[in-house]
Enquirer: 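Handing you a structure now.
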2 protein chains.
Amino acid sequence: MKEILREIGMIARALDSISNIEFKEVELTKGQYLYLVRIVEHPGIIQEKLAEMIKVDRTTAARAIQKLELQGFVEKKDDDTNRKIKRLFATEKGMQAYPLLKREGEHSDSVALAGLSEEEADMLFQLLQRVRHNIEVDWEFVKKGNKRAY
Amino acid sequence: MKEILREIGMIARALDSISNIEFKEVELTKGQYLYLVRIVEHPGIIQEKLAEMIKVDRTTAARAIQKLELQGFVEKKDDDTNRKIKRLFATEKGMQAYPLLKREGEHSDSVALAGLSEEEADMLFQLLQRVRHNIEVDWEFVKKGNKRAY
DNA sequence: ATAATATTGTTGTAAATGCAACAAAATGGC
DNA sequence: GCCATTTTGTTGCATTTACAACAATATTAT
């Protein structure tokens, strides 16, 4: 019954592909939108947590954020007490790009959920959250170099 | 309510990441497993259709398959009547790798669906299929260079 | 049958991705 | 307080990804 996971993969790649094409309009290259929206929505988040949240390699996140900073979409601020971490914030430019990202996301959402009733969409969300919780345990396990048995 | 799409993105990236790490064991590098399983399951498929099926750029699929061929996992065969297309088939080596890919997929599946009843898993699958159908229309539209209005 | 368009496949190039390895600060155990 | 471990961040390198542009065959329209 692993069709479920294949469906998820197909949907995710299609959506990501669409977003990447559409966000060129605001000078965002492949993947950058993922980070920017979350930084806007979680001001002060650090990149390590952001990578975990997005489920992407730490070093990939590092470079994506580096580029966002270079382009002036976000800025890194030193923490008052912890000298190691750098807190991330959207700049004015980042904030200005946000509404488009939000609108696009909502549009894709409405396209994706077309024909589903409110209850169905709700049920889908609940189920997906549970799946995500289940799978993120394994993701962290495997990412840390451990081996799953099967 | 676009949390649904974010959940899907998180799950897909986590799963893909896990698979990529686990399939190094059989010399498959990033993404290759996607193509190989589908070629095994759809003998004679052509790469254009495969790219559509997976929802990946045609040229990305071309190179992934090229590499699979070079490594001896699949072979391209000329079609009898159509001189342009090349039909894809798994080789003996490809077939030998398949059981592991299948087992891994099933394991991830059972992990992902842990705690869901049969009915819930079923419902999830049905809903995801509908979402996928909805979104693939837009994917093809945007991929072909058209612009969505929103 | 011919011309116009669509399909399928390839290659050049630029960029993102992720692993390995490293460094430095923070945290936890004793 | 001190040492071991964990967390956080970075860079070098190899690979994948995708866009652009092209070529060749197939399909459709006239």
Side-chain angles (χ1 to χ4, degrees), chain A residues 12-14 16-25 27-36 44-71 76-88 139-140 142-145, chain B residues 12-14 16-25 27-36 44-71 76-88 139-140 142-145:
Chain A
R13 280 186 297 272
D16 187 53
S17 174
I18 291 171
S19 296
N20 285 326
I21 290 168
E22 294 184 328
F23 294 146
K24 285 189 193 137
E25 190 183 318
E27 243 80 79
L28 289 173
T29 55
K30 189 163 176 282
Q32 287 188 296
Y33 73 97
L34 292 171
Y35 307 89
L36 181 52
I45 192 172
I46 64 171
Q47 79 178 35
E48 188 79 14
K49 295 300 159 206
L50 192 46
E52 268 175 44
M53 185 180 260
I54 296 178
K55 265 107 186 87
V56 83
D57 192 80
R58 305 161 55 229
T59 62
T60 303
R63 293 203 231 245
I65 294 163
Q66 221 166 37
K67 189 173 174 196
L68 281 172
E69 190 189 18
L70 213 71
Q71 292 171 292
K76 295 178 175 177
K77 287 190 179 152
D78 288 334
D79 188 73
D80 291 333
T81 61
N82 187 324
R83 259 180 314 157
K84 193 171 43 164
I85 65 179
K86 292 174 188 168
R87 302 202 166 276
L88 301 168
W139 181 67
E140 277 162 41
V142 173
K143 259 315 218 183
K144 281 183 179 125
Chain B
R13 281 186 297 272
D16 187 53
S17 174
I18 291 172
S19 296
N20 284 326
I21 290 168
E22 294 184 327
F23 294 147
K24 285 189 195 139
E25 190 183 318
E27 245 79 78
L28 289 173
T29 55
K30 189 163 179 282
Q32 288 188 295
Y33 73 99
L34 292 172
Y35 307 88
L36 182 52
I45 191 172
I46 64 170
Q47 80 178 33
E48 188 79 14
K49 295 302 159 206
L50 193 46
E52 267 175 43
M53 185 181 260
I54 296 178
K55 266 105 187 88
V56 82
D57 192 80
R58 308 162 52 229
T59 63
T60 303
R63 291 205 232 246
I65 294 163
Q66 221 166 38
K67 189 173 173 194
L68 281 172
E69 190 190 16
L70 213 71
Q71 292 172 292
K76 296 178 175 176
K77 286 190 181 151
D78 288 334
D79 188 72
D80 291 333
T81 61
N82 189 323
R83 259 178 320 155
K84 193 171 44 165
I85 65 178
K86 291 174 188 168
R87 303 201 166 276
L88 302 168
W139 181 67
E140 277 162 42
V142 173
K143 258 318 218 181
K144 280 181 180 127

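Here is the naming used below: chain letters follow the sequence lines, and residue numbers restart at 1 for every chain.
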Enquirer: With DNA chain D as reference, determine whether A:Ala62 or B:Tyr35 sits nearer its 5' end, using the nearest nucleotide of each.
Expert: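 On the 5' side of the pair lies A:Ala62.
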
Enquirer: Between B:Glu52 and B:Lys49, does at least one N-O distance fall below 4.0 Å, as a salt bridge requires?
Expert: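 Judged by the 4.0 Å cut-off on N to carboxylate O distance, B:Glu52 and B:Lys49 do form a salt bridge.
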
Enquirer: Tell me, for nucleotides 21-27 of chain C in 5' to 3' order, what letter each nucleotide earns: B for a base near a protein heavy atom under 4.0 Å, S for only sugar-phosphate near one, - for neither?
Expert: ---BBS-

Enquirer: With side chains defined as the heavy atoms from C-beta onward, is the minimum distance between B:Tyr33 and B:Asn20 less than 4.5 Å?
Expert: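 B:Tyr33 vs B:Asn20: side chains touch.
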
Enquirer: Does B:Thr60 place a side-chain N or O at less than 4.0 Å from the phosphate oxygens OP1/OP2 of D:dT16?
Expert: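 Checking D:dT16 against B:Thr60, no side-chain N or O comes under 4.0 Å of OP1 or OP2.
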
Enquirer: Note the angle between the end axes of the helix from C:dA1-D:dT30 to C:dC30-D:dG1, five pairs defining each, rounded to 10 degrees.
Expert: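 Both end axes considered, the difference amounts to 50°.
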
Enquirer: What is the distance, to the nearest angstrom, from the CG atom on A:Asn20 to the P atom on D:dA18?
Expert: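 Going from A:Asn20 (CG) to D:dA18 (P), I get 8 Å.
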
Enquirer: Once salt bridge (Lys or Arg N to Asp or Glu O under 4.0 Å) is applied, do any residues pair with B:Glu25, and if so which ones, sequence neighbours excluded?
Expert: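 Salt bridge (Lys or Arg N to Asp or Glu O under 4.0 Å) list for B:Glu25, sorted by chain: A:Lys147.
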
Enquirer: Taking side chain to side chain donor-acceptor pair (under 3.5 Å) as the definition, give me every residue that meets it alongside B:Gln71, ordered by chain and number, with sequence neighbours left out.
Expert: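 By the side chain to side chain donor-acceptor pair (under 3.5 Å) rule, B:Gln71 matches B:Gln32.
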
Enquirer: Would you please confirm or rule out a distance under 4.0 Å between OP1 or OP2 of D:dT10 and any side-chain N or O of A:Lys86?
Expert: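 Yes, because at least one side-chain N or O of A:Lys86 sits under 4.0 Å from OP1 or OP2 of D:dT10.
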
Enquirer: Mind checking what makes salt bridge (Lys or Arg N to Asp or Glu O under 4.0 Å) contact with B:Arg83, not counting sequence neighbours?
Expert: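 Applying salt bridge (Lys or Arg N to Asp or Glu O under 4.0 Å) to B:Arg83 gives none.
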
Enquirer: side-chain contact (heavy atoms from CB on, under 4.5 Å) with A:Ala62: which residues, sequence neighbours excluded?
Expert: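 In terms of side-chain contact (heavy atoms from CB on, under 4.5 Å), with neighbours along the sequence ignored, A:Ala62 is linked to A:Gln47.
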
Enquirer: Name the nucleic acid region contacted by B:Ile21, choosing base, sugar-phosphate or nothing; use a 4.0 angstrom heavy-atom cut-off, strictly under.
Expert: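 Sugar-phosphate contact only.
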
Enquirer: In whole angstrom, what separates B:Arg13's CZ from C:dA16's P?
Expert: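 Value for this atom pair: 16 Å.
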
Enquirer: Between atom CD1 in A:Ile54 and atom P in C:dG18, what is the gap in whole Å?
Expert: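 It works out to 11 Å between those atoms.
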
Enquirer: Quick one: list whatever passes salt bridge (Lys or Arg N to Asp or Glu O under 4.0 Å) with A:Lys30, sequence neighbours left out.
Expert: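 In terms of salt bridge (Lys or Arg N to Asp or Glu O under 4.0 Å), with neighbours along the sequence ignored, A:Lys30 is linked to no residue.
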
Enquirer: Does a nitrogen or oxygen in the side chain of B:Lys143 sit under 4.0 Å from OP1 or OP2 of D:dC19?
Expert: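 Indeed, a polar side-chain atom of B:Lys143 lies that close.
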
Enquirer: Spell out yes or no: do the side chain of A:Arg87 and the base of D:dG9 have one donor N/O and one acceptor N/O closer than 3.5 Å?
Expert: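 A donor-acceptor contact between them is absent.
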
Enquirer: Output all residues satisfying side-chain contact (heavy atoms from CB on, under 4.5 Å) with A:Asn82, sequence neighbours left out; order by chain, then residue number.
Expert: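 For A:Asn82, the residues satisfying side-chain contact (heavy atoms from CB on, under 4.5 Å) (neighbours in sequence not counted) are A:Asp79, A:Lys84, A:Ile85.
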
Enquirer: Under 4.5 Å between any side-chain heavy atoms of A:Lys55 and B:Ser17, yes or no?
Expert: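 Sidechains of B:Ser17 and A:Lys55: no contact.
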
Enquirer: Under the ring pair (Phe, Tyr, Trp, His ring centres under 6.0 Å) rule, collect the residues that match up with A:Tyr35, sequence neighbours excluded.
Expert: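 If we apply the ring pair (Phe, Tyr, Trp, His ring centres under 6.0 Å) test to A:Tyr35, skipping adjacent residues, there are no hits.
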
Enquirer: Between residues 44-53 of chain B and DNA chain C, which residues have a heavy-atom gap below 4.0 Å?
Expert: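 Those residues whose heavy atoms fall under 4.0 Å from DNA chain C, taken from residues 44-53 of chain B in numerical order, are B:Ile46, B:Gln47, B:Glu48, B:Lys49.
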
Enquirer: My understanding is that only residues two or more places apart in sequence, or in another chain, count here; which of them pass side chain to side chain donor-acceptor pair (under 3.5 Å) with A:Arg13?
Expert: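 A:Arg13 satisfies side chain to side chain donor-acceptor pair (under 3.5 Å) with no residue once adjacent residues are dropped.
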
Enquirer: Between A:Asp16 (CG) and C:dT17 (P), how many Å, whole number?
Expert: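 So the CG-P distance, A:Asp16 to C:dT17, works out to 8 Å.
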
Enquirer: For B:Lys24 and B:Ile85, take the nucleotide of DNA chain C holding the closest heavy atom to each; which residue's nucleotide lies nearer the 5' end?
Expert: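 With B:Lys24 and B:Ile85 compared, the 5'-side residue is B:Ile85.
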
Enquirer: Would you indicate what A:Thr29 reaches in the nucleic acid, counting non-hydrogen atoms under 4.0 angstrom: base, sugar-phosphate, or nothing?
Expert: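 A:Thr29: backbone/sugar contact only, no base atoms under 4.0 Å.
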
Enquirer: Is the distance from OP1 or OP2 of C:dA16 to the nearest side-chain N or O of A:Lys67 less than 4.0 Å?
Expert: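 Yes, A:Lys67 has a side-chain N/O under 4.0 Å of OP1/OP2 on C:dA16.
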
Enquirer: Side-chain contact, heavy-atom cut-off 4.5 Å: A:Leu88 with A:Leu50?
Expert: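 A:Leu88 reaches A:Leu50 side chain to side chain.
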
Enquirer: Tell me: CZ of B:Arg63 to C1' of C:dA14, nearest whole Å?
Expert: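 It works out to 11 Å between those atoms.
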
Enquirer: For A:Glu69, what residues pass the side chain to side chain donor-acceptor pair (under 3.5 Å) criterion, not counting sequence neighbours?
Expert: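 A:Glu69 satisfies side chain to side chain donor-acceptor pair (under 3.5 Å) with no other residue.
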
Enquirer: Separation of B:Phe23 atom CZ from D:dT16 atom C1', in whole Å?
Expert: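 Distance, rounded to whole Å: 17 Å.
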
Enquirer: Side chain of A:Val56, heavy atoms from C-beta onward: which of C:dG18, D:dT17, D:dT16 has the nearest atom to it?
Expert: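 Nearest to the side chain of A:Val56 among the choices is C:dG18.
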
Enquirer: Regarding A:Lys76, tell me which of base, sugar-phosphate or nothing describes its non-hydrogen contacts under 4.0 Å with the strands shown.
Expert: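 It contacts sugar-phosphate atoms only.
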
Enquirer: Rounded to the Å, how far apart are B:Asp57 CG and C:dA16 C1'?
Expert: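 Distance check: B:Asp57 CG to C:dA16 C1' gives 14 Å.
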
Enquirer: What is the separation between atom CD on B:Gln66 and atom C1' on D:dT15, rounded to the nearest whole Å?
Expert: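 The distance from CD of B:Gln66 to C1' of D:dT15 comes to 14 Å, rounded to the nearest Å.
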
